[in-house]
Asks: 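Below you'll find the structure I mean.
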Amino acid sequence: MEISTSILGVKEENCMQVFYNLETAGTDYFHIDVMDGKFVKNNTVNLMTKYSEYLNNITNIPLDVHLMVNDVMSFIKSFMAFNPRNITIHYESAKNKEELMNWIKYIKENNSKVGISIKPKTNIEEIYDILQYIHTVLIMTVEPGKGGQKLISETIQKIKDLKQYIVKNNLEVDIEADGGINLENVSLLKEAGCDIVVAGTCIIQSDNFKETIKKLKL
Ligand code: DX5
Ligand code: ZN
């Protein structure tokens with residue numbers, strides 16, 4: 001399983017050292033949580049833009065951008081500038097399927113992988129018809145909007161259902177889970193079928209990034 005470290009909780013004063021330590025500790029991705037203060041209450045746009053700028057210049061570790069915004073297309077365009085490996089947009093931010101498909105098309109035409117994220121209350125069946133067009137489904141295991149929350153255990157069944165649907169229909173889609181993931185619950189996510197997990201607090205607040213990432217990967 002791959003690890004995408006959320007840098008939402010990284011303090012600006014020592015961010016370069018933390019990014020370097022995360023890279024040497026073996027994180028597979030840097031997870032960039034972009035919040036506009038409208039789709040979710042917090043606003044992290046300036047900080048995540050600054051961090052993406054740094055990371056794009058100092059490391060080859062891929063950026064896994066998670067857009068929790070209302071004005072999706074303008075944020076896709078501004079974060080495309082940092083050559084992200086992946087841009088994930090929220091199913092709930094689209095007015096209709098057509099708008100969602102336009103965003104998916106635009107992201108792929110600009111050489112980034114595309115992910116669709118669903119909130120805990122959104123049914124997994126809602127996105128079955130677009131799985132064939134995307135690379136990753138980001139299952140929110142907390143309400144989007146901040147780090148350090150507790151994993152909502154009901155969301156694990158969604159991962160199992162999604163995995164079953166992907167296997168049954170022979171689809172090539174990765175499953176990524178995001179929110180409240182730690183050493184105690186990561187095995188549940190792995191068993192449920194996750195290919196990637198996002199972890200913020202569990203890694204950033206640990207005293208040994210390498211050890212923590214190694215244990216999360218098991
Ligand atoms: C929440 C973000 C998550 C969060 C993960 O809206 O999308 O990526 O920062 O952080 P932890 O692992 O602390 O829940
Ligand atoms: Zn996230």
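All values below come from the heavy atoms of this structure, side chains included, with hydrogens, waters and symmetry mates left out. Counting convention: from 1, in listed order, for ligands and their atoms alike. These figures come from a predicted structure and were not determined experimentally.
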Asks: Is it true that N102 and E98 share a donor-acceptor pair across their side chains at a distance under 3.5 Å?
Replies: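 The answer is no; no qualifying pair exists.
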Asks: Around ligand 1, what residues show up once you keep those with a heavy atom under 4.0 Å from it?
Replies: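 Within 4.0 Å of ligand 1, the protein residues are S6, L8, H31, D33, M35, H66, M68, M140, P144, G145, K146, G147, G148, D178, G179, G180, V198, A199, G200, T201.
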Asks: Do the side chains of D129 and K97 get nearer than 4.5 Å, heavy atoms only?
Replies: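 Yes - at least one pair of side-chain heavy atoms lies under 4.5 Å apart.
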Asks: Could you list the donor-acceptor pairs under 3.5 angstrom formed between side-chain atoms of residues 135-143 and any protein atom two or more places apart in sequence or on another chain?
Replies:
unit_1, atom_1, unit_2, atom_2, d
H135, ND1, V114, N, 3.0
T141, OG1, D178, O, 3.0
T141, OG1, G179, N, 3.3
T141, OG1, G179, O, 2.7

Asks: Run through V173, L131, I89 and flag the one making a side-chain contact (heavy atoms from CB on, under 4.5 Å) with I116.
Replies: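 Exactly one option meets the side-chain contact (heavy atoms from CB on, under 4.5 Å) with I116, and it is I89.
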Asks: Of N110, N56, N111, which is the lone residue that meets side chain to side chain donor-acceptor pair (under 3.5 Å) with N83?
Replies: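 That would be N56; it is the only one of N110, N56, N111 passing the side chain to side chain donor-acceptor pair (under 3.5 Å) with N83.
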Asks: Just so I know, are the side chains of M80 and S112 near enough to count as touching, which here means a heavy-atom distance under 4.5 Å?
Replies: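 Touching, per the 4.5 Å side-chain cut-off.
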Asks: With 2.8 Å as the threshold, which protein atoms of type N, O or S lie near the Zn ion (ligand 2)? Leave waters out.
Replies: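 Less than 2.8 Å away from the Zn ion (ligand 2) sit H31 NE2, D33 OD1, H66 ND1, D178 OD2.
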Asks: Go through it in stages, so that I can follow the logic: the residues are N57 and E53, the test is side-chain hydrogen bond (donor to acceptor under 3.5 Å, both in side chains), and I'd like the CA-CA distance, side-chain angles, deciding distance and then a yes or no.
Replies: CA-CA 6 Å; N57 291 323; E53 192 115 45; 5.2 Å; no
Asks: Listing request: all ring-ring contact (aromatic ring centres under 6.0 Å, His included) pairs with a residue in residues 112-133, at least two apart in sequence or in separate chains.
Replies: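 Qualifying pairs, neighbours excluded: Y128-Y165.
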Asks: Could you check whether the rings of H66 and H31 sit parallel, tilted or perpendicular, using 30° and 60° as the cut-offs?
Replies: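 It falls in the tilted class, 30° to 60°.
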